[in-house]
Amino acid sequence: AACSSYRLRDALHPLWQSELTVSGGTRQSPINIQWRDSVYDPHLKPLKIHYDPTTCLYVWNNGYSFQVEFDDSADKSVIMGGPLENHYRLKQFHFHWGAINEWGSEHMVDSKVYPAELHLVHWNPVTSTSFEEAIMENNGLVVIGVFLKLGAHHAGLQKLVDALPAVRHKDAIVEFDVFDPCCLMPSCPDYWTYDGSLTTPPLTESVTWIIKKTPIEVDQNQLEEFRMLLFTSAGEEEKRMVDNFRPLQPLMNRTVRSSFR
Ligand SMILES: Cc1ccn(O)c(=O)c1
Ligand SMILES: [Zn+2]
């Protein structure tokens, strides 16, 4: 029952009413990662993450999530290694979550859904001159996905949660300086990686996904703060910002690689 309402719920989501499928898409995201079908790739290197907390600019409500933007005018907050040929610059991170703890993540692992999922979005400054251009480039983007599970209070996340009331409405923005997204990364280095797409329009197939195997823990109050945000602007009839995830997409002719045995 939850599953069907889960899928029905997605279909009604305003953002994807028109964009549920991309015509001719062969590498769409998100997907259900079947652990037993993923292939260990010994050539995958450890992911190297060097974020500079002073590149953090502000938090804003873009109408489908809350997003923390970074100064990407230089190679200051970058990732490299893993499946990547070169370094990628951090542009922003945001989350996807459900109305209740039973669903919310975009990716699944063996059909297990998490209450929320963090996406750290990076672009390739070697093949593109801007993030906007990289969106349209094959392998222009790398998104690190981190699952959130209900558990202990997350002290690092709380600094961001405390800023959410200031960005309750669509297009609200608040200054947010010196934040190190590394605090949101699980310590376990294991990840899956596959070729996919954006999960919001324009849904372009330009993303190398790196999905961390181990979730981070957040507490009930922190998840409930996410759910107090609004899709709607000030003055409009309020619509709670929940269920801002895209439905699962077919794996088609893709193999998910794992960095671990
Ligand atoms: C660039 C981009 C835009 C939206 N979402 O959800 C992503 O994960 C990445
Ligand atoms: Zn996302």
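Side chains included, hydrogens not; waters and symmetry mates left out as well; all remaining heavy atoms used. Order of appearance sets the numbers: ligands from 1, and atoms from 1 within every ligand.
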Closest protein heavy atom (residue, atom, distance) for atom 1 (C) of ligand 1: L198 CD2, 3.4 Å
Protein residue, atom and distance nearest to atom 3 (C) of ligand 1, heavy-atom basis: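 Nearest neighbour among protein heavy atoms for atom 3 (C) of ligand 1, to 0.1 Å: T200 OG1, 3.4 Å.
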Just give me the atom name: the N, O or S atom of H119 closest to the Zn ion (ligand 2). ND1
Aromatic ring centroids of W35 and F260 under 6.0 Å? yes
Please report whether the ring centroid of H107 lies less than 6.0 Å from that of W192. no
To the nearest 10°, what's the angle at the Zn ion (ligand 2) between atoms NE2 (H96) and NE2 (H94)? 100°
Backbone N/O of [Y] and side chain of [X]: donor-acceptor pair under 3.5 Å:
| X | Y | value |
| --- | --- | --- |
| S77 | D52 | yes |
| Q249 | P247 | yes |
| N101 | P115 | no |
| S259 | Y191 | yes |

Closer than 4.0 Å to some heavy atom of V121 - which atoms of ligand 1 meet that? 1 (C), 9 (C)
Atoms in ligand 1 with a heavy atom of T199 nearer than 4.0 Å: 5 (N), 6 (O)
Are K159 and F179 in a cation-pi setup, meaning NZ or CZ lies under 6.0 angstrom from the ring centre and within 45 degrees of the ring axis?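 The answer is no; the distance or angle limit is not met.
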Decide whether an N or O pair under 3.5 Å exists between [X] and ligand 1.
| X | result |
| --- | --- |
| W209 | no |
| H96 | yes |
| H119 | yes |
| H94 | yes |

